[in-house]
Amino acid sequence: MLDVRELTTSYGAVTALDRLTFSAPRGKITAVLGANGAGKTTLLRTLSGLVRPTHGSAELEGADLVRTPTEAMSGLGLAHVPEGRGVITELTVEENLRLGGLGRSARSQAAPLDRVFTLFPVLSDRRNAIAHVLSGGERQMLVIGRALMATPKILLLDEPSLGLAPRVVGQIFDLLRSLVESDGLTVLLVEQNARSALSIADFGVVLNLGRLVVHDEAAVLAADEKLRHAYLGF
Ligand code: ATP
């Protein structure tokens with residue numbers, strides 16, 4: 001599904017990703033873990049074309065991501081939810097969602113909008129509310145829902161748990177799990193919260209200083225005490 005080969009991205013003299021190679025299978029959650037500065041955000045930014053790698057390749061079902069302009073990414077089936085919940089607080093919940101389906105007619109937005117409202121009943125209940133009134137967890141649901149409006153094949157999620165109460169993180173992660181199982185979506189989940197991420201992920205990729213430390217099944221990583229202490233913080 002997603003094949004990353006020797007991917008290398010630098011910011012001037014800083015090599016943030018260093019010959020990273022891994023693949024993320026279709027219909028599975030792959031967690032991307034590692035300490036601050038490991039290169040996790042840079043990986044997502046490189047995959048979605050926000051920064052250009054100096055070396056290597058990344059392909060989504062054989063389509064070259066590295067040479068595709070950012071604005072064409074959604075056509076390839078890639079959606080990126082950056083850290084920080086970029087909700088437009090002056091617009092309603094539904095208007096925010098429709099922004100994710102821009103370029104589609106109102107009619108062809110109907111099915112994805114229904115799907116998002118089924119997945120997130122709290123957004124359906126508040127569809128006409130100004131997004132400003134939403135809690136942190138609801139805003140996170142809204143930005144995930146907005147990305148789903150483009151009916152992506154792969155969702156890149158950057159730190160969805162940031163600043164949320166454990167119960168809310170649990171709700172969002174459970175939803176992700178059911179999305180993957182029901183819709184066959186592929187997810188690349190960047191997280192500081194390694195314990196929670198591994199509890200719902202199928203696979204995990206651990207980075208350190210831009211390099212791959214290990215790539216394995218999530219359960220294998222979660223059971224590796226040395227790895228947990230050295231790189232995962234639990
Ligand atoms: P965090 O969780 O702190 O965001 P991360 O694993 O996502 O960490 P990145 O943000 O990808 O890591 O950063 C990787 C390295 O690249 C770090 O050394 C960081 O200082 C550097 N870096 C990131 N963005 C830039 C930038 N725009 N300009 C220069 N250096 C950068």
What closest approach, in Å, do [X] and [Y] show between heavy atoms, and which atom pair accounts for it?
X: His80; Y: Ser48; result: ND1-OG, 2.8 Å
X: Ala147; Y: Leu155; result: CB-CD1, 3.6 Å
X: Phe203; Y: Pro25; result: CE1-CG, 3.5 Å
X: Ala58; Y: Leu47; result: CB-CD2, 3.6 Å
X: Leu97; Y: Arg146; result: CD2-N, 3.5 Å
X: Ala218; Y: Ala201; result: CB-O, 3.2 Å

Measure the shortest side-chain to side-chain distance between [X] and [Y] over non-hydrogen atoms and say whether it is less than 4.5 angstrom.
X: Asn96; Y: Glu90; answer: no
X: Gln192; Y: Asn36; answer: yes
X: Leu148; Y: Leu185; answer: yes

Mind checking whether [X] and [Y] sit in one hydrophobic cluster, side chains of I, L, V, M, F, W, Y counted as touching below 4.5 Å?
X: Leu189; Y: Leu212; answer: no
X: Leu65; Y: Met1; answer: yes
X: Leu156; Y: Val66; answer: yes
X: Leu78; Y: Val180; answer: no
X: Val169; Y: Val32; answer: no

Without swapping roles, check the side chain of [X] against the backbone of [Y] for a donor-acceptor pair under 3.5 Å.
X: Arg177; Y: Ile200; result: yes
X: Arg19; Y: Arg211; result: no
X: Arg127; Y: Glu94; result: no
X: Thr15; Y: Ser10; result: no
X: Lys40; Y: Leu207; result: no
X: Glu138; Y: Val122; result: no

Mind checking the [atom1]-[atom2] spacing from [X] to [Y]? Nearest 0.5 Å is all I need.
X: Ile144; Y: Leu175; atom1: CD1; atom2: CG; result: 8.0 Å
X: Leu134; Y: Arg139; atom1: CG; atom2: CZ; result: 6.5 Å
X: Glu6; Y: Asp18; atom1: CD; atom2: CG; result: 9.5 Å
X: Leu17; Y: Leu209; atom1: CG; atom2: CG; result: 11.5 Å
X: Leu157; Y: Gln140; atom1: CG; atom2: CD; result: 7.0 Å
X: Leu164; Y: Leu162; atom1: CG; atom2: CG; result: 7.5 Å

> Can you list the residues that meet the side chain to side chain contact (heavy atoms under 4.5 Å, CB included) rule with Thr151, with sequence neighbours excluded?
Replying inline: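 Expected list: Arg104, Pro112.
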> Who pairs with Ala24 by side chain to side chain contact (heavy atoms under 4.5 Å, CB included), at least two apart in sequence or on another chain?
Replying inline: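 Per chain and number, Ala24 pairs via side chain to side chain contact (heavy atoms under 4.5 Å, CB included) with Leu2, Phe22, Thr30, Leu188.
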>> Suppose we screen for salt bridge (Lys or Arg N to Asp or Glu O under 4.0 Å). Which residues come up paired with Arg5, at least two apart in sequence or across chains?
In response: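 Only Asp3 meet the salt bridge (Lys or Arg N to Asp or Glu O under 4.0 Å) criterion with Arg5.
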Taking atom types as modelled, find out whether [X] and [Y] have a side-chain donor-acceptor pair closer than 3.5 angstrom.
X: Ser161; Y: Glu191; result: yes
X: Thr9; Y: Thr46; result: yes
X: Ser196; Y: Asn193; result: yes

>> Connecting only ILVMFWY residues whose side-chain heavy atoms lie within less than 4.5 Å of each other, what is the rest of Val214's hydrophobic cluster?
In response: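 Noted: Val214 shares its cluster with Leu33, Leu198, Val206, Val213, Leu221, Leu227, Tyr231, Leu232, Phe234.
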>> If you apply the rule side chain to side chain contact (heavy atoms under 4.5 Å, CB included), what do you find for Ile154 with Leu60, and how did you get there?
In response: CA-CA 9 Å; Ile154 187 165; Leu60 183 65; 3.7 Å; yes
>> Going by side chain to side chain donor-acceptor pair (under 3.5 Å), name the pairs with one or both residues in residues 113-124, residues two or more places apart or in two chains.
In response: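 For residues 113-124, and leaving out neighbouring residues, the side chain to side chain donor-acceptor pair (under 3.5 Å) pairs sorted by first residue read Arg115-Ser182, Arg115-Asp183.
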>> According to salt bridge (Lys or Arg N to Asp or Glu O under 4.0 Å), does anything in residues 148-171 pair up with another residue at least two apart or in another chain? List the pairs.
In response: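 Residue pairs with at least one partner in residues 148-171: Glu61-Lys153.
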>> Surrounding CZ of Arg52 (heavy atoms of other residues, nucleotides or ligands, distance under 6.0 Å), is the total greater than 12?
In response: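 Count over threshold, so yes.
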